[in-house]
Amino acid sequence: MEEKEIIAYKDKSGQIIDTQTAEQTGCNDCEPIYFDNSPEALEVIRHSTAHLMAQAIKQLYPEAKFFVGPVVDEGFYYDFRVDEKIGDSDLKKIEKKMQELAKKKQPIERYCIPKEEAKKKFADDDLKQEVMKRITDDELCIYRQGDFEDLCRGPHVPNTKFLRNFKLTRVAGAYLGGDENKEMLTRIYGIAFADKESLKNYLKMIEEAKKRDHRKLGSELGLFMFDDEAGAGLPFWLPKGARLRAKIEQLLWKAHRKRGYEPVRGPEILKADMWRTSGHYACYGENMYLTEIDGQEYGIKPMNCIGHILIYKHDMHSYRELPLKYFEYGVVHRHEKSGVLHGLLRVREFTQDDAHIFCTPEQIKSVVIDVLEFVDRVMKIFGFEYEMEISTRPEKAIGEKEIWDTATTALKEALDENGFEYGIDEGGGAFYGPKIDIKITDALKRKWQCGTIQVDFNLPERFELEYVDENNERSRPVMIHRAILGSFERFIAILTEHFAGEFPIFIAPTQVIFVPIASEHTAYAKELAGSLMEYDIDCDIDDRNESLAKRVRMAEKQKVPMIAIIGDEEVKSRKVAVRDRRVRKQYDLDAEEFIKLIKEKTSEVRI
RNA sequence: GCUGAUGUAGCUCAGCUGGCUAGAGCACUUGAUUCGUAAUCAAGAGGUCGCGGGUUCGAGUCCCGCCAUCAGCUCCA
């Protein structure tokens, strides 16, 4: 067996020191990093592959100027400027050149020079100047392979021979430094591994993800559609999708009622002054759809808070009523930029499973703890793992700093007391308060932001909300906004990809499909379907004039969990031949047993 | 919104460098078949080639604008 080669070192603090640096400055107490797929090794390999790509681009497009080329979660990229347009077809060409360069086994060398000297050296390269502006070090390092040199902090592999298992995945545009107002550079993304096998597996995973794409499955399974003429980002729910959605809505409705939430409903549009009072007009106005009615400006709601607030204000409230929980499947409209729309994951009209809890400041912690229990229950039912993150005060915000601090502390305590782990997103809060975001991890280990719990001290102030406290005096309640799924649209998109379209029977659009073998068996199938419909179980009967084999195939392709075949034998003995997709088994059951089984399977889930 | 790519029947796609009435498979309709677990046979219907301009004797094919989609940037449920 070939001994693994060392491509870099790791020092005590965990920092990666490449072999070039180690040679120049030494490295005490360093552990070697071998040429394999460890996270550290991949970082070095991918970073060097980015450089190799830059070298190839420079040879193919001599006028190219380079900005930055970092390693990211999904591989690496390099941002650069060329005069020509680079399309997907050019990737192959660049890849080929990279292979060619890698084969030359060029050593990668490093040398450092004072910043001033570097500035002179790259005087005619405005992008390099831009990079240097961001670096505070006095000495800058340059890596060289063959005739290609690039300003870089490293680390890099010692030789280009280590860079063989890579693939350029896509071309895209990216703003210089992520700033929308600056010029747009060309960005090429790529991925690299130590061995061929891992690269192949990675590409296979991407293929798998493509097969699960909710947009593809959504149209194959007849869940939803979009219509170019009707407008971008405006989903239409087809019968199968609407069934699926209705089941989730019903399940969740009951779960809310059980937890003391009251259903309410506000109007879709409100006068613009309302949005001015709330602060939405100023802070969220660019995303709102505005219209004029009888000379008055109105805004279509982008959030449901105002409706719930006005309902709260309609009555006097005693401290005895708190916490008061209003919930609504609220339809909201947000003018998202056209480029960000993405299937059901990002749309312009969507329905939130929204609730607002009015409580005293002292109750925040216990209310949040209750919501966390609710979230946990729902996530478990659908088989999702999740993580949480607290977001703190953003730059564009309303409300006093002290108020923000109090609220943020309450959120942290609620999580701490329950032993939940969480991350912190500094400055990531909504403009009206800090929040806990719930991020789902799906079957392919991808993370999605769905649920959210947001404390709000500001809107109660702006709308002068009150309750009568135990001393018969007026006090100001706190509001907690929360959503568990986030929106039905996004949640169903994630659910579809998570289950690859094979929804569990309790939410499947078609829970049972009857396939009568010949036309004289249809009556019995209808009778059984009728019984199941009594229990809100969605069943279809496929009595089309097609072969049995074909109809079974169609049912399988539609991923129906239970297929019930009805023929002479079944009619005669009042049985059902069941084909269970989940356990991939076939068995016979008496009609009564069958109905009981389906009833159990569909109702065992309670949130 | 920005960068790049794409847009032919409900879906997946073919249609060479501009040239007769635009094709295929699946789905759909009709007829035959009445069938025991992943595609029965036959026939039929379905498209102002995303929309609007332009170049040309002639445009699905070339040019411009718009719309939509895709991959990203940025933003978010």
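Every chain is numbered from 1, with letters handed out A, B, ... down the list of sequences.
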When A:Asp213 and A:Asn287 are each assigned the nearest nucleotide of RNA chain B, the 5'-most assignment goes to A:Asp213
A:Lys65 atom NZ: more than 12 heavy-atom contacts under 6.0 Å | yes
Nearest-Å distance once atom C1' is located in both B:G72 and B:G25 | 34 Å
What integer distance in Å separates A:Glu229:CD from B:G7:C1'?
-> 13 Å
Between B:G60 and B:A9, how far is it from one C1' atom to the other, in whole Å?
-> 14 Å
Under 4.0 Å between any heavy atoms, over every strand shown, what does A:Leu341 touch: base, sugar-phosphate, or nothing? Just pick one.
-> sugar-phosphate
Please work out which of the three classes, parallel, tilted or perpendicular, describes the rings of A:Phe66 and A:Phe80, given edges at 30° and 60°.
-> tilted
NA contact type, A:Arg334, heavy-atom cut-off 4.0 Å: base, sugar-phosphate, or nothing?
-> base
Between B:C16 and B:C76, how far is it from one C1' atom to the other, in whole Å?
-> 46 Å
Within the structure shown, what part of the strands sits under 4.0 Å from A:Val347 by heavy-atom distance: base, sugar-phosphate, or nothing?
-> base
So, does the side chain of A:Glu336 form a donor-acceptor pair with the base of B:G1 at under 3.5 Å?
-> no
Between B:A32 and B:A5, how far is it from one C1' atom to the other, in whole Å?
-> 48 Å
Integer-rounded Å distance: B:A71 C1' and A:Leu345 CG = 15 Å
Touch class at under 4.0 angstrom, heavy-atom based, for A:Lys337 against every strand present | base
In terms of the angle between their ring planes, are A:Phe499 and A:Phe384 parallel, tilted or perpendicular, with boundaries placed at 30° and 60°?
-> tilted
Sugar-phosphate only, base, or nothing, as touched by A:Glu569 at under 4.0 Å among non-hydrogen atoms = base
The answer to which of A:Phe226 and A:Ser547 contacts RNA chain B further toward the 5' end, by nearest nucleotide, is A:Ser547
Would you please indicate yes or no on a ring centroid separation below 6.0 angstrom for A:Phe327 and A:Trp253?
-> yes
Nearest listed nucleotide, side chain of A:Met184, among B:A77, B:U37, B:C73 | B:C73
Whole-Å distance, A:Met554 CE to B:C11 C1', equals 12 Å
C1' spacing across the pair B:U12 / B:U69, given as an integer number of angstrom | 16 Å
Just wondering, more than 12 heavy atoms not from A:Glu385 lying within 6.0 Å of its CD?
-> no
Checking all strands, does A:Arg544 fall into the base, sugar-phosphate, or nothing category for heavy-atom contacts under 4.0 angstrom?
-> sugar-phosphate
Same-atom distance (C1') from B:A22 to B:A14, integer angstrom | 11 Å
Is there a donor on the side chain of A:Tyr175 or the base of B:G72 sitting less than 3.5 Å from an acceptor on the other?
-> no
Electrostatic pair A:Arg582:A:Glu502 at N-O distance under 4.0 angstrom = yes
B:C2 and B:G65: how far apart are their P atoms, nearest whole angstrom?
-> 12 Å
Name the nucleic acid region contacted by A:Asp568, choosing base, sugar-phosphate or nothing; use a 4.0 angstrom heavy-atom cut-off, strictly under.
-> base
Listed in order of residue number, which residues of residues 481-493 of chain A have a non-hydrogen atom at under 4.0 Å from RNA chain B?
-> A:Gly486, A:Ser487, A:Arg490
Are OP1 or OP2 of B:C73 and a side-chain N or O of A:Tyr189 less than 4.0 angstrom apart?
-> yes
What is the distance from CG of A:Leu91 to P of B:G4, rounded to the nearest Å?
-> 15 Å
Look at A:Arg579 and B:G36 and indicate whether a side-chain polar atom (N or O) is within less than 4.0 Å of OP1 or OP2.
-> no
Provide, to the nearest angstrom, the distance between the CE atom belonging to A:Met303 and the P atom belonging to B:A77.
-> 7 Å
Are A:Gln449 and B:A77 close enough that a side-chain N or O sits under 4.0 Å from OP1 or OP2?
-> yes
SB check A:Glu328 A:Arg265 (cutoff 4.0 Å) | yes
Choosing from B:G1, B:G36, B:A38, which nucleotide comes nearest the side chain of A:Glu556?
-> B:A38
Would you call A:Glu527-A:Arg574 a salt bridge at under 4.0 Å N-O?
-> yes
Salt bridge A:Lys439-A:Asp437, side-chain N to carboxylate O under 4.0 Å = no
Determine: side-chain N/O of A:Arg346 to OP1/OP2 of B:U69, distance under 4.0 Å, yes or no.
-> no
Rounded interatomic separation in angstrom, taking CZ from A:Arg348 and C1' from B:A68 = 11 Å
Does A:Ser519 have a side-chain nitrogen or oxygen under 4.0 Å from the phosphate oxygens OP1 or OP2 of B:U34?
-> no
When you get a sec, tell me which of B:A39, B:A68, B:U37 is the closest nucleotide to the side chain of A:Ala232?
-> B:A68
Is the shortest side-chain N to carboxylate O distance from A:Asp126 to A:Arg81 below 4.0 Å?
-> yes
Out of A:Arg245, A:Arg346, A:Arg348, which residue meets the salt bridge (charged side-chain N to carboxylate O under 4.0 Å, His left out) rule with A:Glu489?
-> A:Arg245
Integer angstrom distance from the P of B:A45 to that of B:U30 | 15 Å
Has A:His342 got a side-chain N or O lying under 4.0 Å from the OP1 or OP2 atom of B:G72?
-> no
A:Lys204/A:Glu208 salt bridge by N-O under 4.0 Å criterion = no
Taken to the nearest whole Å, OH/A:Tyr77 to P/B:G4 is 19 Å
Tell me what A:Glu570 touches on the nucleic acid: a base, only sugar-phosphate, or nothing, going by heavy atoms under 4.0 Å.
-> base
Those stems involving RNA chain B that have three or more consecutive Watson-Crick or G-U pairs, both distances under 3.5 Å, are B:1-7 with B:67-73, B:10-13 with B:23-26, B:28-32 with B:40-44, B:50-54 with B:62-66
Quick one: are the ring centres of A:His356 and A:Tyr326 less than 6.0 Å apart?
-> no
Just compare B:U40, B:G36, B:A38 and give me whichever is closest to any side-chain atom of A:Leu548.
-> B:G36
For A:Ala555, which contact category applies under a 4.0 Å heavy-atom criterion: base, sugar-phosphate, or nothing?
-> nothing
A:Lys435 side-chain N/O to B:C76 phosphate OP1/OP2 under 4.0 Å = no
Can you tell me how far P of B:A77 sits from CD1 of A:Ile494, to the nearest Å?
-> 13 Å
